[in-house]
Amino acid sequence: MPTPSVIGCNIGQKSHQSTGKRPSYKTLLQSRTTEINLCGRKSRHNSFFLFTESRDCMGNFAVEVRRVALQLMGAILEGLGLGKDYEHDKFEEGLQLLSVNRYPKESEGDSTIGLAAHSDYGFLTILLASSQGLEVVDRNSDSWKVVPQLPHALHVHVGDPMEVLSNGKIKTVVHRAVLNPKEARVSIASIHGFALDEKVSSAKELVNEQNPAEQAIQGPCHPPQSYTVEARHGNTTTALHARPPWLRPPSSHKSKPSPDHLLLLARGRYRRGTGASSSALRRRRPEPAPRMKVGMGGDAQLRPRSAAGTQEGQGRRSPRTPPRQ
Ligand SMILES: O=C(O)CCC(=O)C(=O)O
Ligand SMILES: [Fe+2]
C-alpha cells in the first residue's frame, strides 16, 4: 500500500493533552487537536503542532479510507460503463487530502453556518463527523437537506471532477456545514483526486453530439487558498472569506503565475461558462455566495445576502448560493 500523500488543514485550538495511549477515533473526534500533518513535515503554517498519537491514528485512517475511496471509484466507473480500471493509474497515484474541521458549538446570536456552501474539488469526499451538521442541496427541490448522522457510518459525496469526468451524468454535491447547538463538532473530510498536475476531462465514451464535453478542469488539489465561513447576524447573512496569512500568494504571482494562480484562472473560466460547448455543469452552476471579504489587513465589509457580489478564486471550495430554507 503506497503511503498516502496527505496534507492536514485545520481550524480551532490545540489543547489536547497526551495521555500516552493511542486515541481511538472517538477520542480523536472529541479532541481539540487541530494540527495534524500525516507526512510529519513541518507545514507552512508557523504554529505547526505535531501530535504523534493522532498522527499514527490518522495515518491508519487515511490508508483505510483511501482503500474505500478507490473501491468506490472503481464501482462508480463501472456503473458509468467505463470499466473499473478506467484511468486506474491516475487514481492510484492521485492525491488524498485530509481536512480536519472543528466547528464551535452554536451559541445564541452567533453564526449558524460553520462552512459556507461549496462543492469539493476531489472526485470523492468521504466524511467522518462527530455529530450532525452537514447539509446538502437537493437539486430537485433546490433546497437544503440535513444529512442525518448515522452511527458507525461514513458519508460519501462526489465533487466537481466527477461531474466533468462523467460528462454531467453524476452531479457534484453542493454542501455546507451548520453549527450544532448542543456541542462543538469535528469532521474529517478525506478528499480523493488526481495528482495536482493532472487535468480532468470528460470521458470520451460519454461524449456525443447531444452531450458535448464538459470543460476540462485541473485541481485545485492544493491546500485551500482561502477559508470561507458564513455567519448570520439577525436577518443578514454574511460570509467571511479569509485568506490565512500562511497561504498568501507570493508576490511573484503577479509576474510569473504559480500553479496556484493558474488554478484560479482555470476555475474562473470554468465558472463563467464562456465558450461554445454547452456544459451542463456550467449552465447549472449558481452564482457564488455573497461574502464579507476580509483583506490581508483584516478589514471587513458586511454585505447582505441579496446584494451578492462574486469573488473569484475560492481555492478548494467552490461556493454556491442555493436558496436558504
Ligand atoms: O464538516 C462537514 O460536515 C463538511 C466539511 C467539508 O465540506 C469539507 O471539508 O470540504
Ligand atoms: Fe466540502
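What you see below is based on every heavy atom in this structure, not just the backbone, and it leaves out hydrogens, waters and symmetry mates. This one's a predicted model, so the numbers in the text were calculated from it and none came from an experiment. Counting convention: from 1, in listed order, for ligands and their atoms alike. This chain uses plain numbering: 1 for the first residue, then up along the sequence.
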Partner set under side chain to side chain donor-acceptor pair (under 3.5 Å) for Asn208, not counting sequence neighbours
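For Asn208, the residues satisfying side chain to side chain donor-acceptor pair (under 3.5 Å) (neighbours in sequence not counted) are Asn211.
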Is any side-chain heavy atom of Leu115 closer than 4.5 Å to one of Arg176?
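Contact flag for Arg176/Leu115 side chains = no.
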Indicate yes or no: at least one non-hydrogen side-chain atom of Glu92 is less than 4.5 angstrom from one of Lys90.
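No, too far: nothing below the 4.5 Å cut-off.
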Distance under 4.0 Å to a non-hydrogen atom of Leu115: what atoms of ligand 1 satisfy this?
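Checking each atom against Leu115, I get 5 (C), 6 (C), 7 (O), 8 (C).
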Taking only heavy atoms of His118, which atoms of ligand 1 are found under 4.0 Å from at least one of them?
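Answer, ordered by atom number: 6 (C), 7 (O), 8 (C), 10 (O).
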Could you list the donor-acceptor pairs under 3.5 angstrom formed between side-chain atoms of residues 189-196 and any protein atom two or more places apart in sequence or on another chain?
residue	atom	partner	partner atom	Å
Ser190	OG	Gln96	NE2	2.9
Ser190	OG	His192	NE2	2.9

Any heavy atom of Arg185 sitting closer than 4.0 Å to ligand 1?
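Arg185: in contact with ligand 1 (<4.0 Å).
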For Arg176, is the nearest heavy atom under 4.0 Å from an atom of ligand 1?
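Flag not set, Arg176 not near ligand 1.
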Just give me the atom name: the N, O or S atom of Asp120 closest to the Fe ion (ligand 2).
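Checking each N, O and S atom of Asp120, the shortest distance to the Fe ion (ligand 2) belongs to OD1.
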His175 atom (N/O/S) at minimal separation from the Fe ion (ligand 2):
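Per the distance ranking, His175 contributes NE2 as its closest N/O/S atom to the Fe ion (ligand 2).
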Structural part of Thr125 in contact with ligand 1, heavy atom criterion under 4.0 angstrom:
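Neither; no heavy atom under 4.0 Å.
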Hey, would you say the Phe91 and Phe123 ring centroids sit under 6.0 Å apart?
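Yes, they do, as the ring centres are separated by less than 6.0 Å.
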